[in-house]
Amino acid sequence: MVRHDRRMPPGNKTKMDKRVLIAYGKEVRRLREEAGMTQTTLARKVRSSKTGISDLERGMLSPSSQVREEIDSVLAPGKLKHLWKELTGSGGEVWKFEIAEMIDHASAVYEYEIMVFPAYLQTQEYAEALIRFAAPWLPLEEVEQRAKERAERAKKVAGSATPRIWLVLDDTILQRRYGSPDIVRGQLQHVIDLVERDRISVQLVPADEPRHPGNSGAFKLITSDDLPEVLVAESIREGQVITNTVEVARYRMAFTSLQGVATSPEQALTVLRNEVKRLEQ
């Protein structure tokens with residue numbers, strides 16, 4: 001079992017995850033421009049150089065702790081410090097990047113979800129509602145940006161032939177109205193379109209199923225042609241990527257059990273269509 005918890009060493013050039021530096025630099029640039037500062041002005045205030053600030057904003061430079069503290073105090077006291085901690089402390093964001101990359105290169109994904117549709121299947125409006133209410137401390141522009149990025153990835157998945165996706169959902173997802181009934185209707189229609197194109201397979205586990213085997217939480221199994229199958233177990237603050245063959249086999253059995261008590265894909269499609277019609281009334 002591998003728990004992702006990457007702590008970034010201080011330094012200058014990019015020895016850490018490039019995506020972390022890009023995410024941090026992007027936010028620095030946004031805050032700088034919002035404050036009406038040029039790179040030269042910011043560099044002077046934090047005792048750096050215009051080239052250094054430019055490299056940082058492009059994700060080409062790992063800022064020292066002193067530079068980070070000074071940029072934080074100049075642009076948005078506490079905000080950038082919190083972002084850096086999010087990106088490098090708990091490993092949460094890095095972990096999300098890694099899972100997304102694994103899915104992009106997978107041949108098949110077998111996923112069980114309880115509360116929401118998977119991120120790689122979400123519409124922008126649905127994603128924005130989820131992010132806004134789950135993280136009310138985020139500024140609106142950051143919520144919108146995250147939702148946009150999630151929707152762009154969903155569009156990429158929808159337009160690709162791989163990975164093949166088998167999705168088992170707890171049918172209570174259909175009762176949730178994230179954002180509004182209209183937003184949920186759009187999300188359901190998106191999923192229906194993917195099912196009708198044979199891009200994904202969806203089954204529903206009835207809430208009143210007495211032999212419900214999904215009470216241990218959401219999980220996904222990711223299969224690729226050149227690597228062993230892995231299990232991803234998720235929580236709010238962290239995730240685990242498990243490669244132990246015994247554990248993977250156990251969750252493969254759990255997924256098979258979920259499919260066994262779930263509706264057929266044809267029945268699930270009918271339920272989804274009926275729910276869209278109901279939301280249109």
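Values below: every heavy atom of this structure, side chains too, minus hydrogens, waters and symmetry copies.
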K.L.:
Check D171 against P206 and note the closest heavy-atom contact, atom names and distance.
P.N.:
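Looks like OD2-CA, 3.4 Å.
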
K.L.:
Do M37 and I53 come within less than 4.5 Å of each other through their side chains, counting heavy atoms only?
P.N.:
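Side chain of M37 against side chain of I53, heavy atoms only: no contact under 4.5 Å found.
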
K.L.:
For the residue pair F219 and F255, categorise the inter-ring angle as parallel (less than 30°), tilted (30 to 60°) or perpendicular (more than 60°).
P.N.:
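Plane angle over 60°, so perpendicular.
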
K.L.:
Tell me if a side-chain donor or acceptor on S224 pairs with a main-chain N or O of S107 at a distance below 3.5 Å.
P.N.:
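Looks like no, no N/O pair under 3.5 Å.
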
K.L.:
Measure the OG1-CG distance between T172 and D208 for me, rounded to the nearest 0.5 Å.
P.N.:
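Between T172 OG1 and D208 CG, I get 11.5 Å after rounding to 0.5 Å.
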
K.L.:
Check this for me: does any side-chain nitrogen of one of K50 and D55 sit under 4.0 Å from a carboxylate oxygen of the other?
P.N.:
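Salt bridge flag = no for D55 with K50.
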
K.L.:
Out of curiosity, L138 CG to F133 CZ, how far, rounded to the nearest 0.5 Å?
P.N.:
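Separation between the atoms: 13.0 Å.
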
K.L.:
Do you know which two heavy atoms are closest between Q259 and V168, and how far apart they sit?
P.N.:
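Smallest heavy-atom distance, with atoms named: CG-CG2, 3.8 Å.
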
K.L.:
Once you round to the nearest 0.5 Å, how far does CD1 of I200 lie from CG of L167?
P.N.:
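The CG atom of L167 is 6.0 Å from CD1 of I200, to the nearest 0.5 Å.
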
K.L.:
Does D182 form a side-chain hydrogen bond (donor to acceptor under 3.5 Å, both in side chains) with S180? I'd like the steps, not just the answer.
P.N.:
CA-CA 5 Å; D182 285 343; S180 71; 5.1 Å; no

K.L.:
Does some side-chain heavy atom of K26 sit less than 4.5 Å from a side-chain heavy atom of R29?
P.N.:
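Result no, sub-4.5 Å side-chain heavy-atom pair not found.
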
K.L.:
Yes or no on salt bridge (charged side-chain N to carboxylate O under 4.0 Å, His left out) for R250 and E247, after CA distance, side-chain angles and deciding distance?
P.N.:
CA-CA 5 Å; R250 286 172 177 169; E247 285 295 304; 2.8 Å; yes

K.L.:
So which heavy atom on Y178 is nearest to which on V184, and how close?
P.N.:
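Nearest heavy atoms, Y178 then V184: N-CG2, 3.5 Å.
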
K.L.:
Taking NZ, NE, NH1 and NH2 as the nitrogens, is one of them in R30 or E34 under 4.0 Å from a carboxylate oxygen of the other?
P.N.:
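Salt bridge present between R30 and E34.
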
K.L.:
Does the S160 side chain pair with the main chain of V157, one donor and one acceptor, at a distance under 3.5 Å?
P.N.:
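Judged by distance alone, no pair lies under 3.5 Å.
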
K.L.:
Is a side-chain donor or acceptor of S48 paired with a backbone partner of R44 at a separation under 3.5 angstrom?
P.N.:
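No; zero donor-acceptor contacts below 3.5 Å.
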
K.L.:
Does the side chain of V276 reach to within under 4.5 Å of the side chain of R273, using non-hydrogen atoms?
P.N.:
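No, their side chains stay 4.5 Å or more apart.
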
K.L.:
Taking all heavy atoms of A151 and all of T123, pick out the closest pair and write down the distance.
P.N.:
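Shortest heavy-atom contact: CB-C, 4.3 Å.
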
K.L.:
Would you tell me whether E111 and Y120 have side-chain atoms, one donor and one acceptor, within less than 3.5 Å of each other?
P.N.:
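Yes, a side-chain donor-acceptor pair sits under 3.5 Å.
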
K.L.:
Using 4.0 Å as the upper bound for N to carboxylate O, is an ion pair formed by R211 and E209?
P.N.:
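Result for this pair is yes, salt bridge flagged.
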
K.L.:
With side chain to side chain contact (heavy atoms under 4.5 Å, CB included) as the criterion, how do L221 and V230 come out once you've worked through the C-alpha distance, each side chain's angles and the decisive distance to 0.1 Å?
P.N.:
CA-CA 6 Å; L221 294 155; V230 300; over 6 Å; no

K.L.:
Do the side-chain N and O atoms of Q203 and T263 include a donor-acceptor pair separated by under 3.5 angstrom?
P.N.:
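No.
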
K.L.:
Between T243 and V248, is the side chain to side chain contact (heavy atoms under 4.5 Å, CB included) condition met? List the steps.
P.N.:
CA-CA 7 Å; T243 58; V248 171; 5.7 Å; no

K.L.:
Determine whether a donor-acceptor pair (N or O, by modelled atom type, separation under 3.5 Å) exists between the side chain of R150 and the backbone of E128.
P.N.:
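It does not hold such a pair.
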
K.L.:
A side-chain contact here means heavy atoms from C-beta on lying under 4.5 Å apart; do L42 and V74 qualify?
P.N.:
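They are in contact (side-chain heavy atoms under 4.5 Å apart), so the answer is yes.
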
K.L.:
Is K79 salt-bridged to E142, cutoff N-O under 4.0 Å?
P.N.:
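Yes, this pair counts.
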
K.L.:
Please tell me whether V205 and M253 are part of a single hydrophobic cluster in this structure, the criterion being side-chain heavy atoms less than 4.5 Å apart.
P.N.:
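No, V205 and M253 fall in different hydrophobic clusters.
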
K.L.:
Atom CZ of R32 and atom CD of E27: how far apart are they, to the nearest 0.5 Å?
P.N.:
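Rounded to the nearest 0.5 Å, the CZ-CD separation comes to 12.5 Å.
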
K.L.:
Where is the tightest heavy-atom contact between P63 and L61, given as atom of each residue plus distance?
P.N.:
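That closest heavy-atom pairing would be CD-O, 3.4 Å.
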
K.L.:
Within the 3.5 Å criterion, strictly below it, is a donor on Q187 or Q122 matched to an acceptor on the partner's side chain?
P.N.:
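On atom types as modelled, these side chains do not qualify, holding no pair under 3.5 Å.
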
K.L.:
What are the two closest non-hydrogen atoms of I131 and A147, and how far apart are they?
P.N.:
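Taking every non-hydrogen atom into account, CD1-N, 3.8 Å.
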
K.L.:
The test is side chain to side chain contact (heavy atoms under 4.5 Å, CB included); show your working for I71 and L56 and say whether it passes.
P.N.:
CA-CA 11 Å; I71 291 177; L56 185 154; 3.9 Å; yes

K.L.:
Report the residue from R177, R176, R185 that forms a salt bridge (Lys or Arg N to Asp or Glu O under 4.0 Å) with E275.
P.N.:
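Among R177, R176, R185, the one meeting salt bridge (Lys or Arg N to Asp or Glu O under 4.0 Å) with E275 is R177.
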
K.L.:
For E141, does its backbone N or O pair with a side-chain atom of R146 as donor and acceptor, under 3.5 Å?
P.N.:
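Absent.
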
K.L.:
In the structure I gave you, are the side-chain heavy atoms of Y24 and V28 within less than 4.5 Å of one another anywhere?
P.N.:
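Heavy-atom side-chain distance check passes, below 4.5 Å.
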
K.L.:
Consider only side-chain N and O atoms of T51 and S54, and report whether a donor and an acceptor are under 3.5 Å apart.
P.N.:
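Checked: T51/S54 side chains show no N/O donor-acceptor pair below 3.5 Å.
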
K.L.:
Going hydrophobic residue to hydrophobic residue with side-chain gaps under 4.5 angstrom, can you get from V143 over to I183?
P.N.:
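Hydrophobic grouping puts V143 apart from I183.
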
K.L.:
Checking T256 side chain against R252 main chain: does a donor-acceptor pair fall under 3.5 Å?
P.N.:
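Yes, the answer is positive, given that a donor and an acceptor are paired below the 3.5 Å cut-off.
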
K.L.:
Decide side chain to side chain contact (heavy atoms under 4.5 Å, CB included) for E70 and L75; before the verdict, give the C-alpha distance in whole Å, the side-chain angles of both, and the deciding distance to 0.1 Å.
P.N.:
CA-CA 9 Å; E70 292 182 359; L75 294 180; over 6 Å; no

K.L.:
Quick one: pull up NE2 in H212 and CG in D170 and give me the separation to the nearest 0.5 Å.
P.N.:
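Separation between the atoms: 4.0 Å.
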
K.L.:
Are the side chains of S201 and V195 in contact, using a 4.5 Å heavy-atom criterion?
P.N.:
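No, side chains not in contact.
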
K.L.:
A side-chain contact here means heavy atoms from C-beta on lying under 4.5 Å apart; do L169 and L174 qualify?
P.N.:
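The answer is no, as the side chains (C-beta and beyond) never meet within the 4.5 Å cut-off.
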
K.L.:
For residues V261 and P213, determine if any side-chain heavy atom of one lies less than 4.5 Å from a side-chain heavy atom of the other.
P.N.:
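The answer is yes, as the side chains (C-beta and beyond) meet within the 4.5 Å cut-off.
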
K.L.:
Once you round to the nearest 0.5 Å, how far does OG1 of T162 lie from CZ of R199?
P.N.:
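T162 OG1 to R199 CZ: 6.5 Å, rounded to 0.5 Å.
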
K.L.:
Is it true that K148 and E144 have a side-chain N and a carboxylate O under 4.0 angstrom from each other?
P.N.:
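Salt bridge absent between K148 and E144.
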
